[in-house]
Amino acid sequence: MAKINENYLKLQAGYLFPEIGRRVAAFSQANPDANIIKMGIGDVTEPLPEACRVAMTKAIKDMGSRESFHGYGPEQGYAWLRDKIVEFDYTPRNCNVAADEIFISDGSKCDTGNILDILGNDNQIAVTDPVYPVYVDTNVMQGNTGAANDQGEYTGLHYLRATEANNFTPEIPDYPLDVVYLCYPNNPTGTVASAEYLKQWVDYALVHNTILMFDAAYRDFITDPAIPQSIYEIEGARKCAIEFRSFSKNAGFTGTRCAFTIVPKDLVATASNGEEIKLHALWSRRQTTKFNGVSYIVQRGAEAVYSEAGQQQTQELISFYLDNAKHIREALASQGYEVFGGVHAPYVWLKTPNNLTSWDFFDLLLNKTNIVGTPGSGFGLSGEGFFRLSAFNTRENVVAAMDRIASKLTI
Ligand SMILES: *Cc1c(COP(=O)(O)O)cnc(C)c1O
C-alpha cells in the first residue's frame, strides 16, 4: 500500500474558520431573523475594476482567432506584464528589480508554500506570532517541524512575538535563523513596519545569511510615502530577501488569481558541500517543471491594473476599503476600545475589552450585535486578547456594524 506524507498528520485540525462557521451556524439556527454582518473574512467584496474586465474581454476575443490565439505562455509570465510591474511598482520606489527576477503566478498563497520546494529540510525557520497560518502549515507539511505542543505551537519552529509592547514588530533575534517570514502591512494585525525596522532585519539577514520571506500582499494600502512598500527599498535586500506580491487585495483578484514572486539573482543559499547556489535558478527550474503559467486572459487583466484607468480604479478601491477601516477605527476608539492597525491596511486589530478572551469577545459580539469577527488567538498565542475586524465590506455594513456596537455593546 502507498505511504502517505505523515507530516500532514501533525497539522492541527483547521480550527479557526471552521469553529467560527460552527458558532455562526448555531447562532443563526437559534436566531433565524438575526441580520448577521460578517467582518471576519479576508476576502474583498467590491467588483473587479472595469479596466481589468475590459482587458480580459479583449483577451478572450484574441483567443478567438488563429492570429492572436495564445497557447502555453512563458512559465515566468509574459514580459509585457513583468515590465509593467518593474516600471510602476519598483522603479518609482528606487528598487533595483529586473523583469526577469519576477515570476508571475496564480497566487501568493501557493508561492509562499511552494517556495519551500527549493530549500532544504534542516533550516532554522521563524514566523511571527500572530501569523498568517499558511507559513506555518506549509512548513509542517514539508517536514520542517516536529509535532504541535498542547498550546498548538510546533516544535522546531521559532515564534517571534508581535505584541503591543513592540508595536507588533518583533525584536530582532540574538540567535541565527536561516529563514524568517515577515508580512507588512501585516495580516492579521493591520500594522506596518518602518524602514528603520526593516533595515534591522536586512542587516541581521546579511550577517547570518538568512533568507527573509517578505509578504507584501497589502503594500498598496500604504499611504505614507515614508513606509517601505517593498523590502527592496532597503539596501542589501537583494542579497537576502524574496518578495511575494499579489493582485488579490489591491485589484480584487481573489477569485481571478494573479500574483508574483521576486527572486533576485543576488540571492544564494548553500548546498551541503558548501557550494553557493543561486535561488533564482532553482525557482526558475521549479516553476518551469511544476507550473505552466497563468492564463493569458488573466495576465491581460493584471496588466490593465497599470493602465491609466486601472491605476485610478484600483486606487479608488483601496481608498474605499481604507475609509471603511478608518470608520471602524474611529467608531471603536470613540467607544473606548484600544485599536491598532487599519491605517495602512484593511484590518483593524482591537484589544478585547475587560480582558475577555478572544473567543469570549467573539461570542459577546455575535450575541449582542450579530457581528462576526475573527478571534486573534486563532492566529497564534500572542493574538489572545485581540480581535480582527476586516474592512473588506460594503460601507453600509460597516456603518451598520459600528452603530450596533455603539448602541448594543457597553464596555
Ligand atoms: C490575502 C493574502 C495573500 C494573497 O494570497 P493570494 O493567494 O494571492 O490570493 C497573501 N498573503 C497574505 C498575508 C494575505 O492575507
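Just follow the structure's listing: the first ligand is 1, and inside any ligand the first atom is 1. Below, all heavy atoms of this structure are taken into account, side chains as well, without hydrogens, waters or symmetry copies.
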The single option from E233, E243, E101 that satisfies salt bridge (charged side-chain N to carboxylate O under 4.0 Å, His left out) with R238 is E101
Could you list the atoms of ligand 1 found under 4.0 angstrom from a heavy atom of K109?
5 (O), 6 (P), 7 (O)
Closest approach of any protein heavy atom to atom 7 (O) of ligand 1, naming residue and atom:
R257 NH2, 2.7 Å
Is the shortest distance from a Lys or Arg side-chain nitrogen in D203 or K199 to a carboxylate oxygen in the other one below 4.0 Å?
yes
With a 4.0 Å cut-off, would you call R300 and E303 a salt bridge?
yes
What residue among F340, F387, F386, Y337 forms ring pair (Phe, Tyr, Trp, His ring centres under 6.0 Å) with W349?
F386
Consider every N or O of N187 and every N or O of ligand 1, then say whether any pair is closer than 3.5 Å.
yes
Atom 3 (C) of ligand 1 sits nearest the protein heavy atom K249 NZ, 3.5 Å
I'd like to know if E19 and R22 make a salt bridge, using a cut-off of under 4.0 Å between side-chain N and carboxylate O.
yes
Has ligand 1 got any nitrogen or oxygen that is less than 3.5 angstrom from a nitrogen or oxygen of S248?
yes
Ring pair (Phe, Tyr, Trp, His ring centres under 6.0 Å) partner of F260, chosen from Y78, F244, F253, F247
F247
Determine, for Y90 and R219, whether the Lys NZ or Arg CZ falls below 6.0 Å from the six-membered ring centre while staying within 45 degrees of the axis.
yes
Within the 4.0 Å heavy-atom shell around G107, which atoms of ligand 1 are there?
7 (O), 8 (O)
Judged by heavy atoms only, the candidate from S108, C258, G42 nearest atom 6 (P) of ligand 1 is S108
Does some non-hydrogen atom of Y218 fall short of 4.0 Å from ligand 1?
yes
Shortest non-hydrogen contact from N121 toward Q142:
ND2-O, 3.0 Å
Close approach of C183 to ligand 1, heavy atoms, under 4.0 angstrom
yes
Strictly under 4.0 Å, does any heavy atom of D215 approach an atom of ligand 1?
yes
Report yes if Y347 has an N/O atom closer than 3.5 Å to an N/O atom of ligand 1; otherwise report no.
no
Please could you name the atoms of ligand 1 that A217 approaches to less than 4.0 Å, counting only its heavy atoms?
3 (C), 10 (C), 11 (N)
